[in-house]
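For the single chain, residues carry numbers from 1 onward in sequence order. As the structure lists them, so they are numbered: ligands from 1, and atoms in each ligand from 1. Predicted model, so just to flag it, every value in this text is computed and none were measured.
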Amino acid sequence: MSRFVDQYGRKPVVAVFAPGRVNLIGEHVDYNDGFVLPFALPFRTIIVGDVVRNDSHAQTSSVTSCNMISDHTATFTCDSSLTKGEPVWANYVKGVVSQYVNDLPPGSAFEAVIMSDVPLGSGLSSSAALEVATATFLEKLYKIDAISGVTKAKRCQLAEHTFADMPCGIMDQSVSAMAQEGTLLLLDCRTKEFKLVTVGSKAPSGTPLPVVVICNSNVKHTLSGSEYPDRVRQCKEAVAALQRTYPEITALRDVTLEQLEFLNICDADSDAKNHVTAVPTSGDFVEKVAVKGSSRTRHTAARGKCENKSEGDHTALVSSMSELAYRRAHHCITEDARTVAAAHALEEGNYILVGGLMTQSHLSLQYDYEVSCDELDLLVLTALGIKGVYGARMTGGGFGGCTVNLVRADCVDELISQLRQTYPACECYLSTPSSGTDELPLDSAMPVITGAVSRYGDSFGDDTDADWLSVRVDGVVMSIVDNPWITAASVAAAVAVFGIIITRRR
Ligand code: ADP
Ligand code: MG
């Protein structure tokens with residue numbers, strides 16, 4: 001707010017927010033038309049702004065992000081000539097503007113300031129928060145009505161595809177656009193329909209509620225940089241291979257384990273592929289009983305069917321599916337089943353089952369999908385060794401970022417202290433499901449965010465010129481932006497008096 005006043009010499013007329021999210025389970029399946037179970041975080045991206053009122057800048061929009069240390073201001077024109085470019089962060093904003101160009105009055109231009117307390121690049125979806133906040137900002141500023149949550153999410157997804165070269169699924173934008181406080185979203189990424197899931201809503205009365213603890217490893221391994229698009233491509237290859245035998249399939253969502261195993265058993269007869277024993281259990285589930293390396297398995301029923309096929313058919317199938325494609329597909333198929341089961345168990349209050357499914361999900365992401373990393377594996381392993389932890393897994397795209405843990409409320413302190421002891425660079429947040437994007441009252445003491453986060457955080461540095469501070473108290477996160485009265489001394493006093501622990505971020 002004050003940054004806008006400083007920069008443009010007047011007060012903003014619109015303020016909006018959109019949240020980041022954590023995905024409890026259902027990873028890397030949104031772009032395979034699968035099921036996901038995320039919820040919105042109390043971490044938010046806020047945009048304040050107004051239309052351009054200075055005639056000399058009539059056609060030029062200007063956006064400033066307080067989260068950027070350099071290149072924090074981007075300028076562009078809101079028309080069909082809009083293209084991606086530098087600074088890179090502004091492409092998320094420009095991409096969304098390009099999706100709304102036809103809804104804007106000709107010659108539209110705006111000025112806006114962005115501030116976020118969603119950790120950037122940590123798998124908590126700061127990108128979707130920025131996109132959805134931009135979409136809501138445009139809708140409120142230009143009074144664009146009748147854009148549904150689904151349409152908004154789709155536009156923001158398209159913005160990320162076209163302006164950030166990220167072929168992401170629809171999960172992040174959907175939850176940021178449509179989440180409701182107190183609930184998770186069981187989202188069908190094919191139909192975009194969702195069911196609101198309330199933890200323990202069908203549990204026997206008196207069942208204590210568990211707590212979700214997010215643990216940020218604060219690492220990001222970029223490797224080649226194309227890991228995510230590679231997984232998207234590998235899944236498409238698996239679908240193409242499966243379609244030769246099952247032409248009705250359009251996405252991995254449509255494939256059963258039996259169909260996958262049928263192709264698998266028809267493939268080359270190498271014993272080296274038998275690292276894991278998988279046993280079909282109830283329904284369409286496969287539960288790993290031993291996990292080492294690939295989950296490629298033999299399935300007796302499928303073998304019988306395959307042997308009945310003609311020589312020609314067999315050869316076609318053998319050449320159709322690589323080991324890699326098999327493992328990627330195996331993750332997606334089992335993850336869909338885990339997610340639906342977890343949503344049900346969460347309502348029923350069967351947190352032991354939910355936790356088990358989360359842990360299986362991690363193993364599947366670690367070995368079949370290969371998107372975990374040493375730091376995440378260590379955090380998961382540490383958590384699983386602690387009493388009261390139902391389950392733990394990496395969350396988000398992987399190769400760094402966060403883990404998500406489901407834990408008994410009375411064991412949270414022990415979990416966080418053990419995680420911090422094993423991995424001192426980590427940061428933990430306790431979090432409850434929060435609401436999706438909305439307008440903020442301009443005269444509110446902004447931004448005050450309610451919702452449980454953490455009383456744990458990094459210690460406060462002694463800089464006096466912090467851009468903004470995120471104050472974490474039991475049950476409340478309060479972000480204070482550009483407040484000149486915040487000095488090391490005043491913060492130290494607050495810590496001493498209220499027991500607040502402060503995290504400083506730029
Ligand atoms: P995640 O979505 O998990 O946080 P991504 O790599 O998908 O990670 O998106 C992070 C990128 O989004 C940042 O590097 C930056 O370019 C952009 N971004 C997100 N939030 C902001 C913000 N508040 N200001 C500027 N850029 C942002
Ligand atoms: Mg992202």
Side-chain angles (χ1 to χ4, degrees), residues 3 16-23 27-28 30-31 36 38 40-41 43-49 62-74 84-97 112-137 153 156-161 163-177 214 216-223 225-229 231-232 371 376 394-404 427 429 437 447 467-468 470 479 481-482 505-506:
R3 181 75 168 254
V16 302
F17 78 90
R21 62 97 190 96
V22 64
N23 190 20
E27 214 63 77
H28 280 282
D30 57 348
Y31 52 83
V36 295
L41 293 171
F43 294 137
R44 296 167 162 188
T45 296
I46 290 167
I47 305 185
V48 299
S62 151
V63 189
T64 295
S65 170
C66 302
N67 295 92
M68 295 291 121
I69 293 165
S70 59
D71 274 343
H72 40 68
T73 298
K84 60 189 170 193
E86 300 283 336
V88 169
W89 69 264
N91 291 328
Y92 295 89
V93 175
K94 291 197 276 182
V96 176
V97 171
V113 169
I114 299 163
M115 194 286 299
S116 181
D117 66 355
V118 184
L120 269 57
S122 291
L124 301 181
S125 211
S126 67
S127 58
L130 179 54
E131 291 151 10
V132 173
T134 304
T136 304
F137 175 74
C156 292
Q157 179 195 26
L158 218 52
E160 190 149 342
H161 286 188
F163 274 66
D165 295 325
M166 181 53 76
C168 58
I170 193 75
M171 169 172 68
D172 302 352
Q173 294 80 6
S174 299
V175 62
S176 188
I214 299 167
N216 191 345
S217 69
N218 280 313
V219 292
K220 187 80 197 159
H221 301 290
T222 42
L223 307 176
S226 67
E227 292 78 15
Y228 192 100
R231 295 303 180 285
V232 176
V371 289
L376 295 176
M394 56 154 277
T395 185
F399 303 106
C402 295
T403 63
V404 57
E427 202 181 358
Y429 326 115
T437 187
D467 276 341
W468 61 275
S470 173
S479 296
V481 193
D482 275 351
R505 270 201 216 107
R506 287 210 170 263

Report task. Quick one: sort the F43 and Y429 rings into parallel, tilted or perpendicular, breaks at 30° and 60°. Result -> perpendicular
Requested in this report: Give yes or no for whether the N/O distance cutoff of 3.5 Å, strictly under, is met between T45 and ligand 1.
Outcome: no
Report task. Have a look at ligand 1 and work out which part of S126, if any, has a heavy atom under 4.0 Å from it: side chain, backbone, both or neither. Result -> both
Query raised in the report: Can you check whether T134 reaches I114 side chain to side chain, under 4.5 Å on heavy atoms?
Result: no
Requested in this report: Keeping the roles fixed (side chain from S122, backbone from L124), state whether a donor-acceptor pair exists under 3.5 Å.
Outcome: no
Query - Close approach, V88 and ligand 1, non-hydrogen under 4.0 angstrom - result: no
Report task. Measure the shortest side-chain to side-chain distance between C168 and H161 over non-hydrogen atoms and say whether it is less than 4.5 angstrom. Result -> yes
Requested in this report: Kindly indicate whether atom 14 (O) of ligand 1 is approached by any protein heavy atom to under 4.0 angstrom.
Outcome: no
Report task. Report yes if some N/O of E160 lies less than 3.5 Å from some N/O of ligand 1; otherwise report no. Result -> no
Report summary line: Among G400, S127, A128, G401, closest by heavy atom to atom 9 (O) of ligand 1 is S127
Query raised in the report: Quick check: does M166 put an N/O/S atom under 2.8 Å from the Mg ion (ligand 2)?
Result: no
Query raised in the report: Heavy-atom contacts under 4.0 Å between M115 and ligand 1: side chain, backbone, both, or neither?
Result: neither
**Report entry** Side-chain donor-acceptor contact under 3.5 Å, T395 with N23
**Finding:** no
Query - Nearest-contact summary for atom 23 (N) of ligand 1 - protein heavy atom, Å - result: N67 OD1, 3.0 Å
**Report entry** Minimum-distance protein heavy atom relative to atom 12 (O) of ligand 1
**Finding:** Y92 CE1, 3.5 Å
Query - Mode of L130 contact toward ligand 1 - side chain, backbone, both, neither (heavy atoms, under 4.0 Å) - result: side chain
Query - side chain to side chain contact (heavy atoms under 4.5 Å, CB included) evaluation trace for T45 with M115 - result: CA-CA 6 Å; T45 296; M115 194 286 299; over 6 Å; no
Query - Gap between atom OG of S176 and atom CG of L41 - 0.5 Å precision - result: 9.5 Å
Query raised in the report: Against heavy atoms of I114, which atoms of ligand 1 measure under 4.0 Å?
Result: 23 (N)
Report summary line: For S122, the atoms of ligand 1 under 4.0 Å from one of its heavy atoms are 3 (O), 4 (O)
**Report entry** Residue from I214, V175, T403 passing side-chain contact (heavy atoms from CB on, under 4.5 Å) with V22
**Finding:** I214
Report task. Would you mind running through ligand 1 and noting each atom that sits below 4.0 Å from a heavy atom of G123? Result -> 3 (O)
**Report entry** CA sep, side-chain torsions, deciding dist, call: R44, S116, side chain to side chain contact (heavy atoms under 4.5 Å, CB included)
**Finding:** CA-CA 6 Å; R44 296 167 162 188; S116 181; over 6 Å; no
Query raised in the report: Out of curiosity, is G121 lining ligand 1, as in a heavy atom under 4.0 Å away?
Result: yes
Query - Side-chain (N91) to main-chain (G85) donor-acceptor, under 3.5 angstrom - result: yes
Report summary line: Atoms of ligand 1 under 4.0 Å from any heavy atom of S116, numbered from 1 in the order shown, are 23 (N)
**Report entry** Element-labelled atoms of ligand 1 that are located less than 4.0 Å from some non-hydrogen atom of L124
**Finding:** 3 (O)
Report summary line: protein heavy-atom neighbour closest to atom 24 (N) of ligand 1 works out as S65 OG, 2.7 Å
Report task. Check whether any side-chain heavy atom of Q157 lies under 4.5 Å from a side-chain heavy atom of E131, and answer yes or no. Result -> no
Report summary line: In ligand 1, the atoms that come under 4.0 Å of a heavy atom of W89 are 15 (C), 16 (O), 25 (C), 26 (N)
Query - Side-chain donor/acceptor of W89 to backbone N/O of D71, under 3.5 Å - result: yes
